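I have placed the structure first, in the form of structure tokens, so that the comments after it can refer back to it.
Because the structure is predicted, anything quoted here is derived from the model rather than measured.
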Amino acid sequence: MLILGINDTHDASACLIKDGVLLAAAAEERFRRVKMIGSYPKKAIEHVLKYSGYSHSDLDHIAVATKSIPGSLLWNTVADFSIKDWLNLHEKFFFDKIYKKKNLSLKSVFPKFKPSVKLGYPIDKIKFETNSDTQIKNLRTIKDLRKDYISKFLKVDKKIIKFYDHHLCHGLYAYFVFAKDIKNKKVALITLDSGGDNTYNCISIIHKGKLKLISNSTKSLIGQIYESVTLILGMNPAKHLYKVMGLAPYASDHHKKGPRNIFLESFKIKGIKFYRSPKMKDYFTYFKKKLNHYRFDGIAGGVQDFVEIRLVQWFKNISKKTKCYHFIFSGGVANNVKANKVLSEQKFVKNLYIPPGPGDENLSIGAAYAAMISKEGLSKTSKLVNKIANAYWGPNLDKKEIENFKLHPFIKKNFIQIKDKQFEKTSTILAKGEILFFCYGRMEFGQRALGHRSILCDPSKFESIKKINTTIKKRDFWMPFTPSILKKFATKYVLNPKNIPSNFMTTCFDTTEIGKKHLKAAIHPYDFTVRPQIVTKQTCPAYYMLIEKFYKKTGIGGLLNTSLNIHDKPIVCQPLDIVNEILKNNNKAINYIYVQDTLYKRKNKNL
């Protein structure tokens, strides 16, 4: 059974699964070079089919995530809205509709808005409307348009195209990443985000080959509140949530106590249900007025505390109700690694599983699994699905692209090439404190670089932080980096007594004293927490070899690893992206680049 999975909302993506084996998965942004791009993922679909050696005529099923999508999402607002646009949305659209009872259209507030690039679906046939304004008949029209376009473009019968619930897709994706590890354990499958298919969360139990829905809700507003606070702090609510999370630890309890209490009083939990204050008519204006005399760091710390407190309360109540102590967590809120740390430390939690790419990029894979279950059932599907050992499911380095990179005038003029398949010279330059662009093999899936499209350096060199932040990535100074650590050194550096899975940089831990010393540039500089990627020889042998050779030269069993991109751009896909997006705009950004088996050294630098 060959299944094409599609996510066509923001963070659009595609995957291909053959008889339970995930052959390929990729986000559209990596090809189109627009972060979080939505709509029909044409390039991603072309890639997964070509890479896997299949054509559209071979497809048995096409599984599309999310049954109902409002028009505004298909206009690419999540990717293209600026901070000013988001402010206008709340201050000139939602405020007037909610508080002044005006009947406004989105087009009247944004008369000149249009997507920054050509999108997959024809937007002239899609109304520019928010979810609350889109009538059921329009949602059906959009759904029909999506199906018609997919059928036409791929030249397939509409009968093989099926749509699946947003939260079901989130949950199934996360479950099958860990299914072989969980085996016969009773597991609570929890999703939480800012909304999909008119639902904000879902709680299910998986046990003995059966999936049982416990609850779903339209009232779990944790995601929306965090987004609104991000905007109140002057940052993009679709792209910069992690900045609030990184800022939060700097706040003293004195400064965050007031904001924290405001959030807690406004939104409560009883049992497994959520309740908002009747005074909270919206999530932006309400909190903006309440918070107008508090410091920015106190607001960040307060909202982070609020998320952690309410999530712990909710998970604990779920555990009491279901007698579950093993949890799988997916959806946008599961990107909050600081909250995941607090959850993992609770006595009632025996294990917490967070998959790579917990956000909407994973929906295409979840939809494909949902299609399998609809045909084969959960028990048989669980047996068919292969063990997922890593997240290198994306495009491989293309030989033609590598050659184009080698022959590019900028590279030829400024760099010399040194073959270094065994990483001898590459590990040496890292040991000398140099920063390296590293581009190798198949690309990672999700928003975390896992050593195949990464910026790497010695994690003990604190001075590297400023150079990467200011000279290369144009990144905020308070944001922490993260390390890739060889598994044999994990306990030396990281405090993880429950052995919570930590291969994908999806949760945080405290560090040991030697960890604070060896990894000081790759941990949070204020609270010393770490969001590690634990590297094994089996899951990524080449990257493991590089780190091991670095260890032999330095005695440090890890590397600082951050994504190979500049601020607000997708992680690079092919080597030429490095030239076009980083080096052309910043000639002196880097002295060393590694691509597949070759080290590129700037001509005036010595090894």
Say whether, by atom type as modelled, one donor and one acceptor occur between the side chain of [X] and the main chain of [Y] under 3.5 angstrom.
| X | Y | result |
| --- | --- | --- |
| N88 | D85 | no |
| D360 | D11 | no |
| D165 | L168 | yes |
| N216 | S204 | no |
| R475 | M479 | yes |
| N76 | A79 | no |
| R442 | P395 | no |
| S330 | G171 | no |
| N362 | P358 | yes |
| R33 | P570 | yes |

Side-chain donor-acceptor pair present, [X], [Y], cut-off under 3.5 Å:
| X | Y | value |
| --- | --- | --- |
| E28 | S13 | no |
| K399 | Q596 | no |
| H167 | D197 | no |
| N7 | S364 | no |
| S151 | D148 | no |
| N201 | T191 | no |
| H166 | D193 | yes |

Axial cation check for Y286 ring with R276, 6.0 Å and 45° limits: no
Stepwise side-chain hydrogen bond (donor to acceptor under 3.5 Å, both in side chains) test for Y226 and Q304: CA-CA 8 Å; Y226 209 91; Q304 182 63 32; 2.7 Å; yes
Validation row: [X], [Y] side chains within 4.5 angstrom (heavy atoms):
| X | Y | answer |
| --- | --- | --- |
| I126 | L145 | yes |
| F284 | F95 | no |
| V34 | E29 | no |
| F306 | F267 | yes |
| N586 | I472 | no |
| I582 | I590 | no |
| H61 | M1 | yes |
| I455 | N561 | no |

Tell me the closest heavy-atom pair linking [X] and [Y], and the distance in Å.
| X | Y | result |
| --- | --- | --- |
| V177 | P355 | CG2-CB, 4.2 Å |
| Y283 | S228 | O-CB, 3.1 Å |
| C439 | R453 | SG-CD, 3.6 Å |
| V333 | L311 | CG1-CD1, 4.2 Å |
| W314 | L192 | CZ3-CD2, 4.0 Å |
| V337 | R448 | CG1-NH2, 4.2 Å |

From CA spacing to verdict: side-chain contact (heavy atoms from CB on, under 4.5 Å), R146, F163: CA-CA 10 Å; R146 294 160 71 200; F163 292 83; 3.5 Å; yes
Describe, in one word, how the ring planes of [X] and [Y] are oriented to each other, choosing from parallel (under 30°), tilted (30 to 60°) and perpendicular (over 60°).
| X | Y | answer |
| --- | --- | --- |
| F438 | Y440 | parallel |
| F110 | F128 | perpendicular |
| Y149 | F153 | parallel |

Criterion side chain to side chain contact (heavy atoms under 4.5 Å, CB included) against F296, the qualifying member of V244, L247, L291: L247
Got more than 12 heavy atoms from elsewhere within 6.0 Å of [atom1], [X]?
| X | atom1 | answer |
| --- | --- | --- |
| K281 | NZ | no |
| K92 | NZ | no |
| K50 | NZ | no |

I190 and F329: CA distance, side-chain angles, deciding distance, side-chain contact (heavy atoms from CB on, under 4.5 Å) verdict: CA-CA 5 Å; I190 300 173; F329 191 24; 4.1 Å; yes
Chi angles and distances behind the ring-ring contact (aromatic ring centres under 6.0 Å, His included) call for F113, F81: CA-CA 9 Å; F113 175 78; F81 261 21; 5.2 Å; yes
Stepwise side-chain contact (heavy atoms from CB on, under 4.5 Å) check, I365 with F176: CA-CA 10 Å; I365 305 175; F176 283 114; over 6 Å; no
Centre-to-centre under 6.0 Å for [X] and [Y], is that the case here?
| X | Y | result |
| --- | --- | --- |
| F274 | Y200 | no |
| Y369 | Y173 | no |
| F445 | Y392 | no |

side-chain hydrogen bond (donor to acceptor under 3.5 Å, both in side chains) evaluation trace for H240 with D568: CA-CA 9 Å; H240 298 158; D568 278 348; 3.2 Å; yes
L73 and V78: CA distance, side-chain angles, deciding distance, side-chain contact (heavy atoms from CB on, under 4.5 Å) verdict: CA-CA 7 Å; L73 284 184; V78 171; 3.5 Å; yes
CA sep, side-chain torsions, deciding dist, call: Y242, N335, side-chain hydrogen bond (donor to acceptor under 3.5 Å, both in side chains): CA-CA 8 Å; Y242 65 94; N335 276 307; over 6 Å; no
From K569, E444, K473, residue fulfilling side-chain hydrogen bond (donor to acceptor under 3.5 Å, both in side chains) relative to S563: K473
